[in-house]
Amino acid sequence: MLFSSTIFIFLFLPCALSGYHLLSRFGRTAMLGWLAAISLVFYAYWDPVYLSLLAASILMNFCFSYGLGQGKPEAWQNRCLFTAIAANLTLLMYYKYLFPFLNFLYGRGLLGHGFPDVILPLGISFFTFTQIAYLVDLRQQVAKREGLLSYSVFVTFFPHLIAGPLIHPRDLLPQLETNRIRGPRAYDMAVGLSWFVLGLGKKVLIADRIAPLADFLYQHPHSAGLFTAWLGALAYAMQLYFDFSGYSDMAVALARMFSIELPLNFDSPYKARSYIELWQRWHMTLSRYLNEYLYTPAVNWVCALRIARGKKISRKAAATPEGFLSMVFFPLMWTMTIAGVWHGAGFQFLIFGALQGIFLTLNHAWRYLTPKGSRFHDVIPAPLSVVITFLGFLVGLIFFRSGGIHDALYILGSMVGLHRTDSWFSMREYMEAIPHYSFFIRSGAGCVVSLALLFFVVWSFPNTQEIFSRALGDRIGWPSLVLPNLTWRPVMAWSLGLTVVFCLAILMLDAGTRFLYFQF
């Protein structure tokens, strides 16, 4: 069930909110029971068969949680945590990596027969990593053990179940306590509905409209020349931006309708002035997860080894070639390579992750070479920094979206003129080949103008966090170039504007589209 589907908007969500409002009169247990029930219905709508997998995963990890926490021997807790993580990762690897790996061996002649692909259970990565975080936090005694009902809501709460935000126990569990969960509030409902409509507009009116242009390039990578390759690559960058931004808005907004706050997950990453900042703004909860559970442990392990060998671990030591390789390069490459493989089983995802590690390493190296106070610090103008950062990410996205390494390399070759060239003013045949192309103008020049307008909006206008800054407690970044003081208020003008956006989105809903991050 998609957030952008009619059955969700006009049936599931009204029923979920109505039941939650009615049961709020009967106390915490009734509200939590309702949230767990509707979340399981939401998941079962996709495929009831995998509902048992989700339930089994919850029960397994809930049982493991009783082997962790205060009062248990250290050795026992370590064994219990290791077994729990191994069991979770085994389940994930079975569905996500085993059969692609076996078919890879078959394609190389190392196995006698191939295997049919197994359908990836929806949201398995997210509910698996959410539960691992809970167990690790229990082991470190930064979370407390919960009852089965609270724990089930923590894992299955439908706004984050399928594609994030990737929540920590501290994000949600405290809000489910007796004196914190009180049912829906009128102001939260107004904020949530308004925010949801903006997210729906991003998904339906922008991401879905530009999707055919991006899809055609990656489905026919050898048909594009210089300009069409750039056009398709930039179109996908915009499609993914508005698709994931729209989903993140809708997820946070849906939780807000139930007077529950989820962490922000997307903060205008294309405005980032460095690669480090980009990953602080793109899929923010995943970046936080990677930092806490992969990068920081890797850094601590390296530092412990260096101390045991009598080496320094100061910032000055990290600025030396040997120290930089061990304390910066290795942890970053380890973390981002794992992040890339998490997105998919193909080698193109491995390269995507490795590129992210390389770009982050280069960014850190530049910071060490140009510390504050040096004449080279901030020598690159901010607009140029934004463009350089975006182009680096664009290269990674080509591997991220391509069907294989060969296709990605061919597209990159087309973008630098190694293959045939074409003109964006004479691409009628290319445009007519795109099925159901529904963006603004059916011409190369029209597409260029449309993409330019989207980049102008992305780089110059306030994002949804800034628009809803009053509801979020003024958590905003730099002022935007255009309409810097635009903020949402529960007034008639906003109601009319959002009504128009909602009606347009409903008229243009496409049952065949899905959120891009659902495949992970």
Residues passing the side chain to side chain contact (heavy atoms under 4.5 Å, CB included) test with V191, sequence neighbours excluded, are Y187, W195, R256, F468, A471, W488
Original post:
Can you tell me if S57 and Q131 form a side-chain donor-acceptor pair at under 3.5 Å?
Top reply: yes
Under a 4.0 Å threshold between the charged nitrogen and the carboxylate oxygen, would K144 count as salt-bridged to D137?
no
Should the pair F400 and F352 be assigned to parallel (<30°), tilted (30 to 60°) or perpendicular (>60°) ring geometry?
-> tilted
*Polar side chain donor-acceptor pair, Y275 to Q356, under 3.5 angstrom*: yes
Checklist entry - If you count the non-hydrogen atoms of other residues, nucleotides and ligands that lie under 6.0 Å from CZ in R367, is the total more than 12? => result no
**Request:** Determine whether more than 12 heavy atoms belonging to other residues, nucleotides or ligands lie under 6.0 Å from atom OH of Y97.
**Result:** yes
When rounded to the nearest 0.5 Å, the distance separating NE2 of H168 from CG of L173 is 12.0 Å
Assess whether atom CH2 of W334 is packed by more than 12 heavy atoms of other residues, nucleotides or ligands within 6.0 Å. no
Side chains of D249 and T464: is there a donor and an acceptor less than 3.5 Å apart? yes
Has S480 got a side-chain atom pairing as donor or acceptor with L483's backbone, closer than 3.5 angstrom? no
So salt bridge (charged side-chain N to carboxylate O under 4.0 Å, His left out) across residues 230-244, not counting sequence neighbours, yields K203-D243
query = Do the rings of F393 and W279 sit parallel, tilted or perpendicular, given the 30° and 60° boundaries?
reply = perpendicular
Looking at D208 and K202, is any side-chain nitrogen of the basic one under 4.0 Å from a carboxylate oxygen of the acidic one? no
Would you please classify the geometry between the W342 ring and the F126 ring as parallel, tilted or perpendicular, with 30° and 60° separating the classes?
perpendicular
Which class fits the ring pair Y247 and F244: parallel under 30°, tilted 30 to 60°, perpendicular over 60°? parallel
Value for OG (S248) from CH2 (W282), rounded to nearest 0.5 Å, stands at 9.0 Å
Output yes when E322 and K311 qualify as a salt bridge under the 4.0 Å nitrogen-oxygen rule, no when they do not. yes
